[in-house]
Engineer: 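Structure below; questions to follow.
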Number of protein chains: 2
Amino acid sequence: MSKQEGARDCCEPTVSEALTPDAAAGLARSFKVLGDPVRLRILSLIAARKGGEVCVCDITDAFDLTGPTISYHLRQLREAGLVDCERRGTWVYYWIIPARLGLLSQFLNPADAAAAST
Amino acid sequence: MSKQEGARDCCEPTVSEALTPDAAAGLARSFKVLGDPVRLRILSLIAARKGGEVCVCDITDAFDLTGPTISYHLRQLREAGLVDCERRGTWVYYWIIPARLGLLSQFLNPADAAAAST
DNA sequence: ACCTTGTTTAGACGCTTCTCTAAGCAGCTT
DNA sequence: AAGCTGCTTAGAGAAGCGTCTAAACAAGGT
């Protein structure tokens, strides 16, 4: 309820057009998956890694959670199309799918996306 | 588990640096609020509106939900810092706080944000 | 003052989510 | 082939979320 006008009259970016219920459902599913601190940390851990790939065992080591719990979160990320994985011998490696994140980013700030595509 | 390499070797954007648990918690809270189709539609409804402001009654009319439910979602959006509101006479108007959305967008795609800030 | 309309708060209830333990599968290594 | 390690699946329980109805609060109009 603060009366701070002025935060919104500088650039007009934000969310483009009104969303259909279906489009909203699709986007919401992705955002919901991002709405957990553990998954966000997993994602940034993968992204920060040189080579862009991380073994599940490295992820598990970075958290104070059991293996199955990490596996659960990785599955959520996978099913949301945010990461993909591949087994190589004993280990399973995960990497980020940038296109999906780009899509979400674009929804939040169409102006940035437009600027980037020039 | 699909073997599609190559989706990630074209541009290297994605998520910048490894997140601290605290930073992750803050971001996750915002993304969680975005992780609901109704809230996403409310947001896009406000954003699409000429003038950038919408009365609660207009929002309520756009959904097949009760007033209290809409009020609940608006509160979530408000407490996440994504929107702000002001009462004017009988009606309460909501608008989007672009800075917050920009921050989230930037997390998802640092490359876009960098390009936009030039 | 009172009633009417717009909005929020409180409380209840069913469904989903996140975590765990136990058990299963996959691929080395000996 | 038997056992070891890495990872996933299955099932259970506590906590959280989204919806509703009922009631309260806020402003304006008789």
Side-chain angles (χ1 to χ4, degrees), chain A residues 1-3 19 21 24-43 45-46 49 53-80 82-95, chain B residues 1-3 19 21 24-43 45-46 49 53-80 82-95:
Chain A
M1 262 320 170
S2 70
K3 276 205 175 180
L19 236 38
L27 284 170
R29 187 163 171 286
S30 294
F31 281 125
K32 183 181 289 190
V33 168
L34 292 175
D36 179 284
V38 173
R39 288 193 287 264
L40 234 35
R41 286 175 63 200
I42 291 176
L43 219 49
L45 194 152
I46 301 176
R49 192 60 142 272
E53 286 186 352
V54 181
C55 170
V56 172
C57 59
D58 290 338
I59 300 174
T60 305
D61 286 350
F63 290 86
D64 213 16
L65 294 168
T66 63
T69 297
I70 296 298
S71 196
Y72 162 76
H73 286 301
L74 286 171
R75 165 129 84 148
Q76 300 298 113
L77 288 167
R78 221 186 314 132
E79 290 182 344
L82 296 170
V83 304
D84 200 359
C85 67
E86 183 186 15
R87 169 157 229 138
R88 290 208 278 276
T90 305
W91 297 281
V92 176
Y93 292 88
Y94 277 78
W95 60 85
Chain B
M1 269 303 176
S2 70
K3 275 206 177 181
L19 236 38
L27 283 170
R29 186 161 171 287
S30 293
F31 281 124
K32 182 182 290 190
V33 168
L34 292 175
D36 179 283
V38 173
R39 288 193 288 264
L40 234 35
R41 284 174 66 200
I42 291 176
L43 219 50
L45 195 153
I46 300 176
R49 192 62 141 273
E53 286 185 353
V54 181
C55 170
V56 172
C57 58
D58 290 338
I59 300 175
T60 305
D61 286 350
F63 291 86
D64 212 16
L65 295 168
T66 64
T69 296
I70 295 298
S71 195
Y72 162 76
H73 287 301
L74 286 171
R75 166 128 84 148
Q76 300 297 113
L77 289 167
R78 220 185 314 130
E79 290 182 345
L82 296 169
V83 305
D84 199 0
C85 67
E86 185 185 14
R87 169 157 230 138
R88 289 208 278 277
T90 304
W91 297 279
V92 177
Y93 292 88
Y94 278 76
W95 59 86

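Throughout, protein chains are lettered first and strands after them, A, B, ... in sequence-line order, and every chain is numbered starting at 1.
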Engineer: Distance check needed: D/dT9 C1' versus A/I70 CD1, whole Å only.
Structural biologist: 16 Å

Engineer: Reading DNA chain D from 5' onward, which residue's closest nucleotide shows up sooner: A/C55 or B/T90?
Structural biologist: A/C55

Engineer: Could you tell me the separation between the CG atom of A/L34 and the P atom of C/dC18, rounded to a whole number of Å?
Structural biologist: 12 Å

Engineer: Whole Å only: how far is the CH2 atom of B/W91 from the C1' atom of D/dA26?
Structural biologist: 13 Å

Engineer: Between A/G35 and B/V56, name the one whose nearest nucleotide on DNA chain C is closer to the 5' end.
Structural biologist: B/V56

Engineer: Heavy-atom distance under 4.5 Å between the side chains of A/W95 and A/E86, does that happen here?
Structural biologist: yes

Engineer: Has the side chain of B/T69 got a donor or acceptor atom that lies under 3.5 Å from a matching backbone atom of B/L65?
Structural biologist: no

Engineer: Within the distance-only criterion (no hydrogens, no angle test), does the side chain of B/T60 pair as donor or acceptor with the backbone N or O of B/V56 below 3.5 angstrom?
Structural biologist: yes

Engineer: Are any of the side-chain heavy atoms of A/V33 and A/R39 separated by less than 4.5 Å?
Structural biologist: yes

Engineer: Measure from the side chain of B/R39, starting at C-beta and using heavy atoms only, and say which of D/dT8, C/dT7, D/dG18 lies closest.
Structural biologist: D/dG18

Engineer: May I have the distance from A/R75 (atom CZ) to C/dC18 (atom P), rounded to whole angstrom?
Structural biologist: 13 Å

Engineer: Please state whether the phosphate of C/dT8, meaning OP1 or OP2, lies under 4.0 angstrom from any side-chain nitrogen or oxygen of B/R87.
Structural biologist: no

Engineer: Test side chain to side chain contact (heavy atoms under 4.5 Å, CB included) on A/I46 and A/Y94 and set out the steps.
Structural biologist: CA-CA 7 Å; A/I46 301 176; A/Y94 277 78; 4.0 Å; yes

Engineer: Would you mind reading off the distance between A/R88 atom CZ and C/dC28 atom C1', rounded to a whole angstrom?
Structural biologist: 17 Å

Engineer: Could you tell me whether A/R75 and A/E79 have a side-chain N and a carboxylate O separated by less than 4.0 Å?
Structural biologist: yes

Engineer: Taking protein heavy atoms under 4.0 Å as touching, what does nucleotides 19-25 of chain D look like 5' to 3' if B marks base contact, S marks sugar-phosphate-only contact and - marks none?
Structural biologist: BBBB---

Engineer: Please determine, by modelled atom types, if A/Y93 and A/R87 share a side-chain donor-acceptor pair under 3.5 angstrom.
Structural biologist: no

Engineer: Counting only side-chain N and O atoms of B/K32, is one of them less than 4.0 Å from OP1 or OP2 of D/dG16?
Structural biologist: no

Engineer: A/Y94 side chain N/O closer than 4.0 Å to the phosphate oxygens (OP1, OP2) of D/dT8?
Structural biologist: yes

Engineer: How many Å lie between CG on B/L77 and P on C/dT7, as a whole number?
Structural biologist: 16 Å

Engineer: For A/I42 and D/dC7, give me the distance from atom CD1 to atom C1', rounded to whole Å.
Structural biologist: 14 Å

Engineer: Whole angstroms only, please: what is the CG-C1' distance between B/L74 and C/dG6?
Structural biologist: 13 Å

